[in-house]
*Asks:* 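Before I ask anything, let me first share the structure, which is written out below as structure tokens.
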Amino acid sequence: MKLEQKEIIYSLKLFDGCERELIEKLIISTGTSKVFRSGELMEAEFSPSVGILLSGRGVIYSSDKGRQTLLRFISPGNAVGVASLFAAEPPATRIEACG
């Protein structure tokens, strides 16, 4: 992982008060990194996890009850999926890479 990508992770509000060594050991070294092309959906088998956008942009849509409502744009440094840590089912949203 590039240094600037690590810096994004270190600076997340979610990790305020954590030492860089702890973040490196528990988050960076055990996490996975995936690349998505523009227009590609960021779908995976549901597991409670947090995603951190390191570069590019994404769009989060609601996909409940057949509707697709734009919820928000995400950019580097945004964390997504935090609510999934407490959910028994996948959230009714989808994330699309947009460049």
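Nothing fancy with the numbering, it's 1 onward along the sequence.
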*Asks:* Compare every heavy atom of C98 with every heavy atom of S38, then report the nearest pair and how far apart it is.
*Replies:* OG-C, 3.5 Å
*Asks:* Suppose we screen for side-chain hydrogen bond (donor to acceptor under 3.5 Å, both in side chains). Which residues come up paired with Q68, at least two apart in sequence or across chains?
*Replies:* R94
*Asks:* Closest heavy-atom contact between I8 and P76?
*Replies:* CD1-CB, 4.1 Å
*Asks:* Does E19 CD have over 12 foreign heavy atoms under 6.0 Å away?
*Replies:* no
*Asks:* Where do V59 and L70 land on the side-chain contact (heavy atoms from CB on, under 4.5 Å) test, with the steps shown first?
*Replies:* CA-CA 7 Å; V59 182; L70 173 68; 2.9 Å; yes
*Asks:* Report the residues that fulfil side-chain hydrogen bond (donor to acceptor under 3.5 Å, both in side chains) with R20, sequence neighbours left out, ordered by chain and then residue number.
*Replies:* E7
*Asks:* State, to 0.1 Å, how close A79 and V50 come at their nearest heavy-atom pair, and which atoms those are.
*Replies:* CB-CG1, 4.1 Å
*Asks:* Do V80 and F36 share a hydrophobic cluster, counting only Ile, Leu, Val, Met, Phe, Trp and Tyr and linking them when any side-chain heavy atoms are less than 4.5 Å apart?
*Replies:* yes
*Asks:* Same cluster or not: are L14 and L85 linked, directly or through other Ile, Leu, Val, Met, Phe, Trp or Tyr residues, by side-chain heavy atoms under 4.5 angstrom apart?
*Replies:* yes
*Asks:* Check whether Y61 and F73 end up in the same hydrophobic cluster, where Ile, Leu, Val, Met, Phe, Trp and Tyr are linked by side-chain heavy atoms less than 4.5 Å apart.
*Replies:* yes
*Asks:* Measure the OG-CD distance between S33 and Q5 for me, rounded to the nearest 0.5 Å.
*Replies:* 6.0 Å
*Asks:* If you measure from CD on E40 to CD1 on I95, what distance do you get to the nearest 0.5 Å?
*Replies:* 12.5 Å
*Asks:* Applying side-chain contact (heavy atoms from CB on, under 4.5 Å), can you list everything that pairs with I9, at least two apart in sequence or on another chain?
*Replies:* M1, F15, I23, I27, I28, I52, L54
*Asks:* Looking at every heavy atom in both R37 and A97, which two are closest together, and how far apart are they?
*Replies:* O-CB, 3.3 Å
*Asks:* Check side-chain contact (heavy atoms from CB on, under 4.5 Å) between K13 and all other residues, then give those that pass, not counting sequence neighbours.
*Replies:* D16
*Asks:* Can you tell me how far CD1 of I60 sits from OG1 of T93, rounded to the nearest 0.5 angstrom?
*Replies:* 6.5 Å
*Asks:* When rounded to the nearest 0.5 angstrom, what distance separates CG in N78 from CZ in R57?
*Replies:* 9.5 Å
*Asks:* If hydrophobic residues (ILVMFWY) are linked whenever their side-chain heavy atoms come closer than 4.5 Å, directly or via other members, who joins L3 in its cluster?
*Replies:* none
*Asks:* List for me each residue that meets side-chain contact (heavy atoms from CB on, under 4.5 Å) alongside S62, sequence neighbours excluded, and say none if there are none.
*Replies:* D64, T69, L71
